[in-house]
Amino acid sequence: MKITFPDGSSKDYPKGTSLKDIASSIGERLAREALAARVNDHLVDLSAQVEKDSAIRFITFNDPEGEDIFRHSASHVMAQAVKRIFPDTKLAIGPSIKDGFYYDFDTPEVLTEDNLARIEEEMTRIVSEHIPYVREELSKDDAIALFREIGEDYKVEMIEAIDEDTVSLYRQDDFIDMCRGPHVPDTGYVKSHKLLSLAGAYWKGDEHNKMLQRIYGTAFPRKKDLKIYLNRLEEARKRDHRRLGRELDLFSIVDEAGPGFVIYHPKGALIRTILEDFEKKEHLNRGYQIVIGPQLLKVDLWKKSGHFDNYRENMYFTDVEGIQYGIKPMNCLAHMLIYKSHIRSYRDLPIRYFELGTVYRHEKSGVLHGLLRLRGFTQDDAHILCTPEQVNSEIRGVIGFIKDVMGVFGFEYEMELSTRPEKSIGSEADWEMATSSLRQALDDEGITYDTNEGDGAFYGPKIDVKLRDAIGRMWQCATIQCDFALPERFDLEYVGQDGGRHRPIMLHRVILGSIDRFLGVLIEHYAGAFPTWLAPVQVKILTITDKSATYAGSVAGRLVSEGIRVETDFRNEKIGYKIRESRLEKVPYMLIIGEKEAATGAVSVRHREDGDRGVVSLDHFLDDLREESSVPAFSQSQGGLR
RNA sequence: GCUGGCGUAGCUCAAUCGGUAGAGCAGCGCACUUGUAAUGCGCAGGUUGCGGGUUCGAGUCCCAUCGCCAGCUCCA
């Protein structure tokens, strides 16, 4: 039979040759690295035999499918280890995930961290036993009978839900798991593994179901890669914004004040202010109008908007002189009222209301997480009211805005389009129009995006933007949502060219999302070393001895008068000690000033990353600093002034 | 909210079987006048998250509660 390879070459083999043998015939290295193979576009085990002319591609760990197969095989090793130690364990699911795998168990014993070490040891034993993964295919009924007999209730439930007539399962010795496969040839492949954490997880991800015990782990073919990965985790831990927030004295979240409420210290508040000033300016440049709504609005209004019915559990309420008020969890209501304060003409549209709106949401206690998940936070929120014809260009404007802003911070991002969910309001025509507007706008902007069918808001479709930080993690910040419901409920109208009354469409959109969350992401993205324009202290002036304090003071005064944020350290300490402190504070520039500098009107510049940059005149230093210390601006406004 | 783990000085962490709560850093004082990542000596710092209980005796054991951490569910 004729076997064709990805490079187009082909070779003859006797019928029934195993993939393993084919790999060996090509090369020792391939035979060693191949985990599985794709035969005529089907993923199969290396032990499988090829019976007819085929196109074959061997899968190694470098292929995404290979990573998947490898981790999945590792999860079987872990499950086998758990069953050896805790024989009464029932297996749920154990897939591979990004960077690792997990397996959910229903175990009579409560698993603890101590058990992880034991399980790891047992895994190492299983690996050293080189147990082959043996594939079997059974009829659905036989499979159900088999798993029922061995008490694997969850597997039975899963097989019952499967549509196909036959199911495959894999055995390693006495360990059996229902599994589509393929797997690596034997357990010996999973040499470098590490169990990472232990947590609860609901069966089928439904909070009404039983909570199972989940073990997370990861595995790599080479020890070196495992080590690199573990180092990366350590690096991420060092970047944790909660830790850096304390170390850099940016903010605190304390029990005395209440969980989920952030207290900004001077440096954190300064960074936020710089971000907010940047945003205000950019919004004004793009034709938005800044508005400000109240923190409390009467409950009746929240009933009208539908929040009272749909969002009450997340809201805080208060009672003043017998009247019920709701503390705003969203900013749209006041914006609506502003729109309604006049009769609007089609000539007025689009109207873009922007508010740095602080909202409070009663989030479940278990979800709070530093700045990334708070109960009180501030959004860079805007509501755009426009005609149906304007929707496309408005969305494009917002996408352009997002592009510009993400570029400033050096984020890459991905966009997703979410379409009509089953539970939703509005006519089919409205949905069709809105969805195609979003899609059209994405296409017009040349953006590639994923579509999440049925993942839109109940009132309209949306575009979500996920940004990728410096170490590859994804964060949801910006979003653009189309809404027909609120204009309807609030009876918003404009007078059209035809003199008739028409309903505007409302776009909800945020660029940074929550400023607080965005700041948290920024802290981790920059590992606390903010670019100069955002750094709370841009230049720190360090004296060698107090003999130079007078000159150093005049340098500080000059910088301050140029709008530079300066701190001085004239203490009677060794220069090395002062530099060390400034480094830990991640101040971009240090100016070191001794008698030499004082004599010549110069400064010795030290950069937080580059180190000593040598001696320059103060004017020269200022010239170099001016651009990078000022807030970025875009050369032309996109929306035009009103 | 759920499952599991953890709360000791401002921070990082010790405290053996239930037997006098300690250290480093930070802070304060004194000395040192210092050239590119930590000068030395001294002082002070605590109702062991909060509340009950067991015990002659609780940081340690039990109960309850609040918070934090990991994840699940939910989300900006």
Side-chain angles (χ1 to χ4, degrees), chain A residues 102 104 107 110-116 196-216 237 240 242-243 246-247 249 252-260 311 313-314 329-331 357 359 361-381 464-465 475-479 481 508-518 520-521 542-549 570-585 590-597 604-608 610-615:
Chain A
Y102 67 79
D104 286 349
T107 310
V110 171
L111 298 178
T112 65
E113 299 280 338
D114 300 339
N115 292 334
L116 291 189
L196 298 170
S197 65
L198 192 61
Y202 299 108
W203 167 234
K204 288 182 174 169
D206 187 332
E207 61 181 318
H208 303 294
N209 287 343
K210 178 166 185 179
M211 183 156 280
L212 308 172
Q213 302 190 75
R214 173 175 297 180
I215 301 177
Y216 285 91
R237 209 175 63 80
D240 190 314
R242 292 164 299 184
R243 173 190 175 127
R246 187 179 55 237
E247 287 174 0
D249 198 17
S252 56
I253 299 172
V254 294
D255 190 21
E256 294 152 279
Y311 207 70
E313 279 68 43
N314 285 293
M330 296 183 194
N331 300 302
V359 295
R361 298 180 184 176
H362 183 258
E363 300 288 352
K364 290 180 183 174
S365 61
V367 305
L368 301 177
H369 184 91
L371 295 180
L372 304 182
R373 196 73 184 270
L374 292 163
R375 285 183 174 154
F377 56 97
T378 302
Q379 295 177 303
D380 61 337
D381 203 2
D464 284 327
V465 183
W475 306 90
Q476 146 94 70
C477 289
T479 171
Q481 304 177 352
H508 306 244
R509 50 105 285 187
V510 289
I511 304 289
L512 304 183
S514 150
I515 310 259
D516 310 78
R517 172 182 283 187
F518 191 78
V521 174
L542 315 178
T543 48
I544 301 284
T545 74
D546 54 18
K547 284 178 200 147
S548 319
F570 296 172
R571 289 175 305 171
N572 195 15
E573 294 288 350
K574 289 191 142 175
I575 193 66
Y577 179 80
K578 297 188 190 183
I579 288 169
R580 181 184 151 78
E581 276 199 355
S582 300
R583 284 296 311 271
L584 294 176
E585 290 163 18
M590 287 164 251
L591 295 183
I592 291 153
I593 290 178
E595 294 185 76
K596 279 186 284 184
E597 289 78 12
S604 174
V605 180
R606 189 184 168 95
H607 186 260
R608 70 181 161 204
D610 310 347
D612 194 349
R613 281 192 181 173
V615 178

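Below, read A as the first sequence line, B as the second, and so on, with proteins coming before strands; counting in each chain starts at 1.
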Closest to side chain of [X], choosing from [options]:
X         : options                   : result
Ile544(A) : rG35(B), rC75(B), rU33(B) : rG35(B)
Lys574(A) : rG67(B), rU39(B), rC72(B) : rU39(B)
Arg214(A) : rG67(B), rC72(B), rG35(B) : rC72(B)
Pro259(A) : rU33(B), rC68(B), rU36(B) : rC68(B)
Arg517(A) : rG35(B), rA76(B), rA70(B) : rA76(B)
Arg373(A) : rG71(B), rC75(B), rU33(B) : rC75(B)
Ile575(A) : rG35(B), rC72(B), rA76(B) : rG35(B)
Gln379(A) : rA70(B), rU73(B), rA76(B) : rA76(B)
Leu374(A) : rG35(B), rC2(B), rA76(B)  : rA76(B)
Ser197(A) : rA70(B), rA76(B), rG35(B) : rA70(B)

Check: rG1(B) base within 3.5 Å donor-acceptor of Tyr202(A) side chain: yes
Side chain Arg242(A) and base rC68(B) donor-acceptor under 3.5 Å: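 Not at all, since no donor on one side and acceptor on the other fall under 3.5 Å apart.
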Just to be sure I understand the rule, does [X] reach a base, reach only the sugar-phosphate, or reach nothing, if contact means heavy atoms closer than 4.0 Å?
X         : value
Asp546(A) : base
Lys578(A) : nothing
Glu363(A) : base
Glu597(A) : base
Val367(A) : base
Val359(A) : nothing
Glu581(A) : nothing
Gly576(A) : sugar-phosphate
Ile579(A) : base
Gly205(A) : sugar-phosphate
Thr112(A) : nothing
Arg583(A) : base

Between [X] and [Y], does at least one N-O distance fall below 4.0 Å, as a salt bridge requires?
X         : Y         : answer
Glu313(A) : Lys364(A) : no
Arg613(A) : Asp610(A) : yes
Arg214(A) : Asp104(A) : yes
Asp206(A) : Lys204(A) : no

Below the 4.0 Å mark, does [N] have OP1 or OP2 next to a side-chain nitrogen or oxygen of [X]?
X         : N       : value
Ser365(A) : rG1(B)  : yes
Arg606(A) : rG35(B) : no
Arg246(A) : rU12(B) : yes
His369(A) : rA70(B) : yes
Tyr216(A) : rC72(B) : yes

Residue closer to the 5' end of RNA chain B, Gln476(A) versus Lys364(A) (nearest nucleotide):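 This one resolves to Lys364(A).
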Measuring only the [atom1] atom in each nucleotide, how far is [N] from [M]? A whole number of Å is fine.
N       : M       : atom1 : result
rU48(B) : rG18(B) : C1'   : 15 Å
rU8(B)  : rG59(B) : P     : 14 Å
rC13(B) : rC56(B) : P     : 37 Å
rC41(B) : rA37(B) : P     : 23 Å
rG22(B) : rA44(B) : P     : 13 Å
rU54(B) : rC63(B) : P     : 15 Å
rU55(B) : rG19(B) : C1'   : 12 Å
rA70(B) : rG29(B) : P     : 39 Å

Please report the distance, rounded to the nearest Å, between [atom1] in [X] and [atom2] in [N].
X         : N       : atom1 : atom2 : value
Glu247(A) : rC25(B) : CD    : P     : 17 Å
Glu585(A) : rA37(B) : CD    : P     : 16 Å
Tyr577(A) : rA38(B) : OH    : P     : 11 Å
Phe570(A) : rU33(B) : CZ    : P     : 20 Å
Leu584(A) : rU12(B) : CG    : C1'   : 14 Å
Asp206(A) : rC74(B) : CG    : P     : 9 Å
Leu198(A) : rU3(B)  : CG    : P     : 14 Å
Ile215(A) : rG4(B)  : CD1   : P     : 15 Å

Looking at [Y], is its backbone amide N or carbonyl O close enough to the side chain of [X] to form a donor-acceptor pair, meaning the two atoms are under 3.5 Å apart?
X         : Y         : answer
Arg361(A) : Pro329(A) : yes
Asn209(A) : Tyr202(A) : no
Lys578(A) : Thr543(A) : yes
Arg583(A) : Arg608(A) : yes

Any strand counts, and the cut-off is 3.5 Å on both contacts for Watson-Crick or G-U wobble. Which nucleotide pairs with [N]?
N       : result
rA23(B) : rU12(B)
rC68(B) : rG5(B)
rC41(B) : rG29(B)
rG46(B) : none

Pairing residues for His362(A) by the ring pair (Phe, Tyr, Trp, His ring centres under 6.0 Å) criterion, not counting sequence neighbours: Tyr316(A)
Conformer about C1'-N of rC50(B) - syn within 90° of 0, anti elsewhere: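 Here rC50(B) takes the anti form, which means its glycosidic angle is more than 90° from 0.
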Heavy-atom closest pair, residues Leu198(A) and Thr112(A): CD2-C, 3.5 Å
